[in-house]
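Just so we're on the same page: letters track the sequence lines, and every chain starts at 1. Side chains are part of it too, since the values below use all heavy atoms of this structure and drop only hydrogens, waters and symmetry mates. Given the structure is predicted, the values throughout are model-derived calculations rather than measurements.
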Amino acid sequence: MTDALNTGLTGEWCWHTLEAGAKRLENIDVAGIFDEIADTLELKGENPFRIRSYRRAARVIHDMPDDVKRLVETDELTGIQGIGESLAEKIVDIVKTGTCDFYEEIKKDPAYNLTAFMNIPGVGAKLAVRLNKELGVKTIDDLEKAAKAGKLRSLEGMGEKLEEKILKGIEQYRRHIGRFRIAEALTRAEAIVSILSEVKGVTRIEIAGSLRRRKETIGDIDILVISRTPDRVMDAFTSMTTVADVLAKGDTKSSVLLRSGIQVDVRILPAANYGSALHYFTGSKDHNVAIRDRGKRMGLKVSEYGVFDVKTERNLGSKTEAEVFKAVKLPFIPPELRESSGEFEAAEKGTLPNLIELKDIKGDLQMHTTGSDGANSIEEMGRFAKTLGYKFIAITDHSKAVRVAGGLNDKELAAHIKAIRKANSKVPGIEIMSGVEVDILADGSLDISDEVLADCDVVVAAVHSKFNMPEQEMTARIITGISNKNVNIFAHPTGRIINEREPYNVNIETLISEAKKSKVALELNSHPDRLDLKDIHCRQAKDAGTMISINTDSHADQQLTNMRYGIATARRGWLEAKDVINTYTLARLRKFLEKQG
DNA sequence: GCCGTTTTCGGCCCGACTGTTTTCAGTCG
């Protein structure tokens with residue numbers, strides 16, 4: 001790997017994550033196929049346990065850190081919990097050929113065409129089949145028409161409310177269609193960068209677009225390349241095994257559709273105007289409009305080819321992004337801030353934030369172990385955290401209200417705290433703090449007694465039930481919960497799951513100000529499906545002086561590396577190291593936890 | 001389809017919630 005090669009990622013995690021990204025590609029593909037098979041089998045009314053096996057295998061493969069391709073080579077697949085002879089055989093075929101016989105068979109089944117319905121919240125397999133059979137609807141458009149015409153209520157056991165629910169579900173589904181979560185987009189983009197960077201003649205390659213700005217969801221992937229050999233780059237790009245369709249292939253621009261449905265554009269650029277092109281293709285659109293407007297007022301013309309003096313036509317900056325900004329008399333604005341949401345004003349005033357970086361993080365304050373629904377022991381979590389250079393972590397298993405996750409009651413938590421202390425003494429060089437993710441019940445009370453909570457180093461409070469309370473009630477419930485003197489952090493504050501579940505009704509402004517009063521930090525949950533608080537709320541919290549805790553909520557040791565997504569969102573939320581409690585030294589953190597700092 | 005001091009068959013998590021209906025089926029996590 002050469003220095004000239006720049007992936008657009010900041011700092012030290014560049015190559016480390018690139019490798020991880022390249023590894024995971026086939027895992028996602030296998031998982032996607034198994035999920036489609038599971039959906040189709042469910043629609044066909046097959047054995048629910050057989051369906052569960054496919055879903056479980058899909059999840060295991062998706063989440064595991066190991067490269068499924070490597071496991072095929074070393075014949076280790078059947079050693080994995082949830083993968084037996086039959087699934088292993090299919091995985092081998094998929095990795096080698098991109099598909100397997102059973103999947104091809106499934107795709108021919110009429111039920112396969114109904115899998116789209118299952119993406120609508122509130123519609124499961126049974127309902128999808130009935131709607132298809134009794135109303136003849138084949139597409140989501142059909143379903144929408146039928147619901148709007150009031151045809152659903154004529155069916156037995158269905159009423160007006162269900163019609164409304166389905167229409168709302170369709171609306172939600174449409175809003176999200178075509179947008180991919182950052183983790184999937186980044187993983188795929190990094191894998192492509194890895195492949196293309198091996199092509200002879202490539203001197204620079206970089207991710208641009210909304211992915212470079214680290215938006216939580218991404219429409220398509222843009223990759224910019226400097227190369228002496230455009231033909232070779234385009235050949236390598238369009239012949240990747242993950243390509244489903246080549247939409248365009250030229251000397252300077254090619255587009256493909258990946259099997260996963262993501263469109264990827266690759267552009268070959270001349271080195272001379274790489275900086276202005278990178279700036280242009282990074283966006284956002286609004287940011288570009290604003291910077292062109294600014295240039296115009298200064299007698300300059302800004303385009304992807306450079307910043308030109310209108311009179312003399314002299315090029316004032318195009319080789320690097322820094323040159324472009326300098327030409328319009330601005331300091332460098334980090335990609336994450338380029339949303340035309342105040343970055344120009346801050347740049348003018350010299351008040352751009354010194355954005356937080358991954359290396360600022362000294363520990364992670366929310367994670368699970370085998371004590372509830374995690375995959376690893378306390379010690380294992382501690383040892384892995386240590387390899388990340390962390391100085392401290394907090395073990396925060398669920399409380400009893402979250403029954404499906406094996407939540408702990410008072411007595412079990414008390415014993416767990418002892419186990420954590422014991423583990424702490426066994427892993428030198430890192431402080432493993434005791435904690436809990438305690439549920440805030442519907443009435444605002446906590447699911448663990450004050451007595452036991454007081455014994456924890458870190459108390460993370462969270463909502464996991466009754467998501468649909470009206471705003472006032474939900475806000476009051478949360479405020480009551482976090483005003484308990486033992487609570488330190490409020491986890492995933494809005495409860496949203498990106499592309500899947502809307503946030504519950506909580507008044508963010510009230511929550512932010514009450515959290516500050518109670519000396520409670522709001523969590524920025526780093527799980528790429530959550531990213532909760534989201535960017536704009538982080539900025540609101542920062543402006544109000546409410547502290548943030550960036551945690552991974554890991555359920556397995558490898559997930560601790562999800563911190564990168566939390567950092568990405570934090571940067572989009574203008575956060576600096578000083579706004580985040582897990583950049584503190586252990587001594588200072590303890591003061592905060594004791595509500596003295 | 002997976003798994004095993006209930007091991008080659010038979011069990012596999014289960015409670016909350018919703019919309020509908022009055023005892024339940026479907027969806028979700």
Side-chain angles (χ1 to χ4, degrees), chain A residues 30-31 33-61 63 77-94 100-103 105-106 114-115 117-134 147 152-169 172-173 368 372-373 398-407 437 439 441-442 447 462-470 474 492 495-502 504 527 529-530 553 555:
Chain A
V30 176
I33 287 172
F34 281 1
D35 266 330
E36 280 182 32
I37 291 175
D39 281 351
T40 310
L41 292 177
E42 198 171 350
L43 287 159
K44 284 160 65 88
E46 292 257 350
N47 178 355
F49 299 108
R50 187 181 175 207
I51 295 161
R52 188 186 296 172
S53 295
Y54 277 99
R55 289 207 198 286
R56 184 157 77 133
R59 202 184 62 236
V60 167
I61 292 163
D63 288 344
L77 281 171
T78 46
I80 299 165
Q81 191 70 224
I83 296 173
E85 291 289 348
S86 169
L87 288 179
E89 216 177 283
K90 293 182 175 80
I91 294 169
V92 170
D93 284 348
I94 293 167
C100 64
D101 293 346
F102 188 52
Y103 180 50
E105 213 180 297
I106 281 286
L114 300 181
T115 52
F117 287 149
M118 293 176 71
N119 294 324
I120 302 167
V123 180
K126 294 272 164 57
L127 195 51
V129 169
R130 272 198 68 193
L131 292 169
N132 173 249
K133 257 196 191 147
E134 297 176 29
L152 270 64
R153 68 187 74 174
S154 62
L155 303 185
E156 200 180 323
M158 297 192 202
E160 260 178 79
K161 288 214 171 154
L162 195 77
E163 252 169 31
E164 268 173 47
K165 192 177 166 183
I166 285 177
L167 283 171
K168 236 181 124 181
Q172 194 189 332
Y173 167 73
H368 300 266
S372 61
D373 58 347
H398 286 287
S399 66
K400 61 184 182 296
V402 192
R403 230 175 279 267
V404 286
E437 181 183 9
D439 257 59
L441 305 175
D447 194 32
V463 167
H464 289 106
S465 63
K466 280 234 171 197
F467 286 160
N468 58 350
M469 290 167 84
M474 182 57 102
H492 38 74
R496 70 149 177 186
I497 307 286
I498 296 173
N499 287 3
E500 276 176 28
R501 187 172 73 201
E502 296 294 316
Y504 41 67
H527 195 289
D529 294 348
R530 287 190 183 267
D553 197 356
H555 286 69

### Message
Taking the nucleotide of DNA chain B with the nearest heavy atom to each, does A:G82 or A:P121 sit closer to the 5' end?
### Response
A:G82

### Message
Quick check for you: among B:dG26, B:dC3, B:dG19, whose closest atom lies nearest to any side-chain atom of A:L162?
### Response
B:dG19

### Integer-rounded Å distance: B:dG26 P and A:I120 CD1
18 Å

### Message
Ignoring hydrogens and geometry beyond distance, is a side-chain donor-acceptor pair present between A:D447 and A:H398 at under 3.5 Å?
### Response
no

### Task
Take atom CZ of A:R50 and atom P of B:dG11, then tell me their distance rounded to the nearest Å.
20 Å

### Query
How close or far is atom C1' of B:dG26 from atom CG of A:L152, stated in whole angstroms?
15 Å

### Message
A:E42 vs A:R55, test: salt bridge (Lys or Arg N to Asp or Glu O under 4.0 Å). Steps then yes/no.
### Response
CA-CA 11 Å; A:E42 198 171 350; A:R55 289 207 198 286; 2.5 Å; yes

### Message
Between A:K90 and B:dG1, is there a contact of a side-chain N or O with OP1 or OP2 at under 4.0 Å?
### Response
yes

### Task
Specify whether A:F467 and A:Y504 have parallel, tilted or perpendicular ring planes, treating 30° as the upper limit for parallel and 60° as the lower limit for perpendicular.
tilted

### Stacked cation flag A:K90 on A:F102, 6.0 angstrom / 45 deg
yes

### Query
Is A:I51 touching bases, backbone alone, or none of the nucleic acid, heavy atoms closer than 4.0 Å?
nothing

#### Entry: Closest to the A:K126 side chain, choosing from B:dT20, B:dG1, B:dG26
B:dG26

### Between P of B:dG4 and CZ of A:F49, the distance in whole Å
17 Å

### Closest to the A:N47 side chain, choosing from B:dC17, B:dC3, B:dG1
B:dG1

#### Entry: Nearest-neighbour nucleotide for the A:R52 side chain, B:dG26, B:dC12, B:dG1 considered
B:dC12

### Task
Hunt down the Watson-Crick or G-U wobble partner of B:dG26, both distances under 3.5 Å, from any strand shown, or write none.
B:dC17

### Query
For the pair made of OH in A:Y54 and P in B:dC2, what is the distance, rounded to whole Å?
8 Å

#### Entry: DNA chain B: 5'-proximal contact among A:G157 and A:Q81 (nearest heavy atom)
A:Q81

### Message
Does A:E160 reach a base, just sugar-phosphate, or nothing at all? Heavy atoms under 4.0 Å.
### Response
sugar-phosphate

### Task
Would you classify A:P48 as touching base, sugar-phosphate or nothing, given that sugar-phosphate means primed atoms plus P, OP1 and OP2, and contacts are heavy atoms under 4.0 Å?
nothing

### Message
Rounding to an integer number of angstrom, what distance separates B:dC2 and B:dC13 when you compare their P atoms?
### Response
15 Å

### Query
Does the side chain of A:H464 come under 3.5 Å of the side chain of A:D439 through a donor N or O and an acceptor N or O?
yes

### Task
Quote, to the nearest angstrom, the C1' distance that separates B:dC14 from B:dC9.
24 Å

### Message
Rounding to an integer number of angstrom, what distance separates B:dT21 and B:dC17 when you compare their C1' atoms?
### Response
15 Å

## Note on the structure
Closest heavy-atom pair, A:E134 versus A:L155, reported as atoms and distance to 0.1 Å, is OE1-CD2, 3.6 Å

#### Entry: Spacing of the P atoms in B:dG1 and B:dT6 (rounded, Å)
26 Å

### Nearest-Å distance for atom pair NE2/P, residues A:H398 and B:dG29
14 Å

### Task
Look at all strands and tell whether A:I37 reaches a base, only sugar-phosphate, or nothing, counting heavy atoms closer than 4.0 Å.
nothing

### Task
Specify the separation, in whole Å, of atom CD of A:E134 and atom P of B:dG26.
12 Å

### Value in whole Å for how far the C1' atom of B:dG26 lies from CG of A:L131
12 Å

### Query
Strictly by modelled atom types, are A:D39 and A:T115 linked by a side-chain donor-acceptor pair under 3.5 Å?
no

### Task
Name the nucleic acid region contacted by A:A405, choosing base, sugar-phosphate or nothing; use a 4.0 angstrom heavy-atom cut-off, strictly under.
nothing

### Task
Take atom C1' in B:dG11 and the same atom in B:dA16, then report the distance between them in whole Å.
24 Å

### Task
Write down the distance separating the P atoms in B:dG26 and B:dT20, rounded off to the nearest Å.
14 Å

